[in-house]
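Both counts, for ligands and for their atoms, begin at 1 and track the order of listing. Side-chain atoms are counted along with the backbone in the values below, which use heavy atoms only and exclude waters and symmetry mates.
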Amino acid sequence: MILHLNKNIPTDILQKTVVELDARFFCKDEYIVLITSSAVKAVPDALAPYTLQSWVFDNDIQLSSIKYRPERNIVETPHCSIGKPDTMVMIAGPCAVESYEQMDACCRYLRAAGVDTLRAGCFKPRTSPYTFQGLGAEGLDILVTMREKYGMTIVTEARDASNVDLVIDKADIVQIGTKSMTDYALLDACGSCSKPILLKRSYGATLREFLQCAEFIMSRGNERVILCERGIRTFENSTRFTLDLCGVAWLKHHSSLPILVDPSHAMGIAYGIPDLARAATAMGVDGLLIETHPDPATARSDARQQLDPDAFTNMAQSLKTIAAAIGKKLL
Ligand code: PEP
Ligand code: MN
């Protein structure tokens, strides 16, 4: 159950309810938001005098539910609002920050293609310990330089609790990757900050488990969560993962949160990515996350799936027409 409580509620009454019901709460300008388990179906007596509004749910997907916010949750970022019905955002960049020169070359063709939101990893959650793990703090400094030089909004991944504070400090949007979706220290840290959080679906998670992780962030008070479908593991192994567009449709129907699609990690091979991006655009997603590298052959991570500058630019051009056909402008 979600309750909006008058701010004049005595602290002892609030604290007692929180302990008794294992509830969470956070303060907004006008009221306090208290969230209990969905098993609670009636406003507790002690809270009744202070309750402004209440919502009952069938399950614990509550703050992220469309039922709570039918008007949808629009997430403001430095360049655009993500989740508005008439726009979609392009978030692009290489898998990893490798050098100043690589990022500079990348920003030049991204800006020429009209892209304002740059994404690249500095703390990489690699499958093998014997591969490039990212430049860490040095990579973040390169991203900050790119923001200053090209006026880009920067998105980068917080891999774990050891780097999350640094990433929150430097990035405009903090990414939580597929392998960290259920890292609760990370979810708590992201929930306690005010930056937008780009939460990627674990490749082994159901849609409900995915939204449940969004709830961990939101119930700490940060409602600026953007979901990202990036492919799930199925029996099919000819492509890297399977892009779950059914899941995207389900999320659009059940959740108020903006939804991005990342065809790059789903496909894992450059040739399929523009087609998947076009399909996702046609279904009205709130944005795309695309990996592109100035020289894919030399990329230090995810080389096979990096679009080269021409492939990226041509894809971006074709997406504008498709977006326009369904009443959206590509940002
Ligand atoms: C990434 O975005 O570069 C990344 C590692 O993605 P994922 O967490 O989806 O594998
Ligand atoms: Mn990658």
Participant: Any atoms of ligand 1 less than 4.0 Å from a non-hydrogen atom of Lys124? List them with their elements.
Facilitator: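 Near Lys124, the atoms of ligand 1 are 1 (C), 3 (O), 5 (C).
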Participant: For atom 9 (O) of ligand 1, find the nearest protein heavy atom and state the residue, atom name and distance (0.1 Å precision).
Facilitator: Arg230 NE, 2.6 Å
Participant: Apply side-chain contact (heavy atoms from CB on, under 4.5 Å) to the pair Leu251 and Phe210, showing each step before the final yes or no.
Facilitator: CA-CA 10 Å; Leu251 289 166; Phe210 184 25; 3.9 Å; yes
Participant: Are Asp141 and Lys170 ion-paired here, with the side-chain N under 4.0 Å from a carboxylate O?
Facilitator: yes
Participant: Looking only at protein heavy atoms, identify the closest one to atom 2 (O) of ligand 1 and say how far it is in Å.
Facilitator: Arg119 NH1, 2.4 Å
Participant: Taking the side chain as every heavy atom from C-beta outward, state whether Phe216 and Arg24 have any atom pair closer than 4.5 Å.
Facilitator: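 Answer yes - side chains close enough.
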Participant: Kindly give the atom name of the N, O or S atom of Glu291 closest to the Mn ion (ligand 2).
Facilitator: OE2
Participant: I'd like to check which ligand 1 atoms, numbered from 1 as shown, lie under 4.0 Å from a non-hydrogen atom of Glu291.
Facilitator: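 Counting from 1, the qualifying ligand atoms are 1 (C), 3 (O).
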Participant: Could Lys7 and Glu30 be called an ion pair, given the rule that one side-chain N must be under 4.0 Å from one carboxylate O?
Facilitator: no
Participant: Please write down residue, atom name and distance for the protein heavy atom closest to atom 8 (O) of ligand 1.
Facilitator: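 The closest heavy atom on the protein side is Thr178 N, 2.8 Å.
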Participant: Considering only heavy atoms of Gly177, which atoms of ligand 1 have at least one such atom less than 4.0 Å away?
Facilitator: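 Answer, ordered by atom number: 8 (O).
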Participant: Heavy-atom distance under 4.5 Å between the side chains of Ile35 and Phe57, does that happen here?
Facilitator: no
Participant: So which of the N, O or S atoms of Asp302 lies nearest the Mn ion (ligand 2)?
Facilitator: OD2
Participant: Is there a polar contact, in the sense of an N or O pair closer than 3.5 Å, between Asp262 and ligand 1?
Facilitator: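 Not met; the criterion fails.
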Participant: Check this for me: does any side-chain nitrogen of one of Asp12 and Lys16 sit under 4.0 Å from a carboxylate oxygen of the other?
Facilitator: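 Not counted as a salt bridge, because no side-chain N and carboxylate O are separated by less than 4.0 Å.
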Participant: Looking at atom 6 (O) of ligand 1, what's its closest protein heavy atom, distance included?
Facilitator: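 In this structure, atom 6 (O) of ligand 1 has Lys200 NZ, 2.9 Å as its nearest protein heavy atom.
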Participant: Of all the non-hydrogen atoms in the protein, which one sits nearest to atom 4 (C) of ligand 1, and at what distance?
Facilitator: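 Here the closest protein heavy atom is His265 NE2, 3.3 Å.
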Participant: Would you check if Lys28 and Glu223 make a side-chain contact, meaning some heavy-atom pair closer than 4.5 Å?
Facilitator: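 Touching, per the 4.5 Å side-chain cut-off.
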Participant: Going by the salt bridge (charged side-chain N to carboxylate O under 4.0 Å, His left out) test, name the single residue among Lys200, Arg240, Arg201 that passes it with Asp262.
Facilitator: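 Of all the options given, the one that passes is Lys200.
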